[in-house]
J.: 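I am attaching a structure below and will ask some questions about it afterwards.
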Amino acid sequence: MAAPVNTFKRRLLAGDTLIGCWLALADGYAAELMGTAGFDWLVIDGEHAPNDLRSIREQLTALATSDSEPVVRLPVGETWMVKQALDAGAQTLLIPMVDSAEQAAELVRACRYPPNGVRGVGAGLGRATRFSQVTDYIQTADAEICLLLQVESVKGIAALDDILATDGVDGVFIGPADLSTDMGFAGNAEAPEVQETIRDALAKIAAADKAPGILAVTDTPTQRYIDQGARFVAVGTDVGILAGNARRLLQKWKPGA
Ligand SMILES: O=C(O)C(=O)C[C@H](O)[C@@H](O)CO
């Protein structure tokens, strides 16, 4: 038996535009609920949400029967974290703060078994192999892993061509919050200089035959990024949906509260 087909990767390779949402509530029950909405992909955020490997695993399990492909964002791009997330059954990883081609190459190697990489062999103990039921896992796993790198700094943008030339990188996600802050605009991704940088980066990523991705939480930038060629686009966050609707509901019935 082979590793499960990564439909997110297949659809990106086919040129589809995939609409996603961020999961930052760090909870399996909330992830299961979000999985019923029908997003193409959902990010289990290990960078800014209070997740650990156990809560990431819980959310992967909660999404297993949904139509939404789980994307696990690690706190940082460490080889040992990549190994643990993959063994827990993640097949698509989003790695923040990638600034160089060396880092990108190291991450590709972290995702692959020797001789093509350095991933340790032990998934037989874990979810990834359905606890040893996926007998051909080692032979088939590499091809089903989708590696998405976040470029979100001035240094990363300067290295974008080299990062894009790294074989094994499937997509590059531009982080508007981090990028705008690193450019000196304190989270204002709408600043014209930031917008120009994002537009150029999305075009470069597409021209290099990689999938461009981004997050926006309001309609105008979301539509703009889709028009500019972004193909995996997160359009909101569970936290934003819950907090926004809770506040709107209270304002309706208790204005000024
Ligand atoms: O820089 C960004 O933008 C991101 O990396 C996404 C963020 O972490 C965050 O805005 C998620 O809500």
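We count ligands from 1, going down the list as the structure has it; atoms in each ligand are counted the same way.
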J.: Report the nearest protein non-hydrogen atom to atom 12 (O) of ligand 1: residue, atom name, distance rounded to 0.1 Å.
T.: L215 CD2, 3.8 Å

J.: Which atoms from ligand 1 have a heavy atom of Q150 less than 4.0 Å away?
T.: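 Answer, ordered by atom number: 4 (C), 5 (O).
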
J.: If you measure from the Lys or Arg side-chain nitrogens to the Asp or Glu carboxylate oxygens, is any gap between D40 and R11 under 4.0 Å?
T.: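 Here D40 pairs with R11 in a salt bridge, since their nearest N and O are under 4.0 Å apart.
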
J.: What protein heavy atom sits nearest atom 3 (O) of ligand 1, and how far away is it?
T.: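 In this structure, atom 3 (O) of ligand 1 has A177 N, 2.8 Å as its nearest protein heavy atom.
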
J.: Atom CG of L148 and atom NZ of K210: how far apart are they, to the nearest 0.5 Å?
T.: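 Rounded to the nearest 0.5 Å, the CG-NZ separation comes to 11.0 Å.
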
J.: Would R57 and T61 count as having a side-chain donor-acceptor pair, cut-off 3.5 Å?
T.: yes

J.: Taking both backbone and side-chain atoms of E152, is any N or O found less than 3.5 Å from an N or O belonging to ligand 1?
T.: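 In this structure, E152 places an N or O atom under 3.5 Å from an N or O of ligand 1.
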
J.: Which distance, rounded to the nearest 0.5 Å, do you find between the CD1 of I205 and the CG of D161?
T.: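 Result: 10.5 Å between the selected atoms.
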
J.: Below the 3.5 angstrom mark, is there an N/O of T237, backbone or side chain, next to an N/O of ligand 1?
T.: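 No, since none of the N or O atoms of T237 sits under 3.5 Å from an N or O of ligand 1.
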
J.: For F173 and W41: C-alpha separation, side-chain torsions, deciding distance, then whether ring-ring contact (aromatic ring centres under 6.0 Å, His included) applies.
T.: CA-CA 14 Å; F173 176 102; W41 55 291; 7.2 Å; no

J.: Need the ligand 1 atom indices (1-based, order shown) with element for anything under 4.0 Å from a heavy-atom of D178.
T.: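 This gives 1 (O), 2 (C), 5 (O) as the contact atoms.
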
J.: State whether a side-chain donor-acceptor pair under 3.5 Å links E144 with Y137.
T.: no

J.: Counting heavy atoms only, which part of R73 comes closer than 4.0 Å to ligand 1: side chain, backbone, both or neither?
T.: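 The part of R73 near ligand 1 is the side chain, not the backbone.
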
J.: Under 4.0 Å between a Lys/Arg side-chain N and an Asp/Glu carboxylate O for D45 and R73?
T.: yes

J.: State the atoms of ligand 1, each with its element, that fall below the 4.0 Å cut-off from a heavy-atom position in H48.
T.: 8 (O)

J.: For P176, is the nearest heavy atom under 4.0 Å from an atom of ligand 1?
T.: yes

J.: With respect to L179, determine whether any N or O atom, backbone or side chain, lies less than 3.5 Å from an N or O atom of ligand 1.
T.: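 Between L179 and ligand 1 (N or O atoms, distance only) the closest approach is not under 3.5 Å.
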
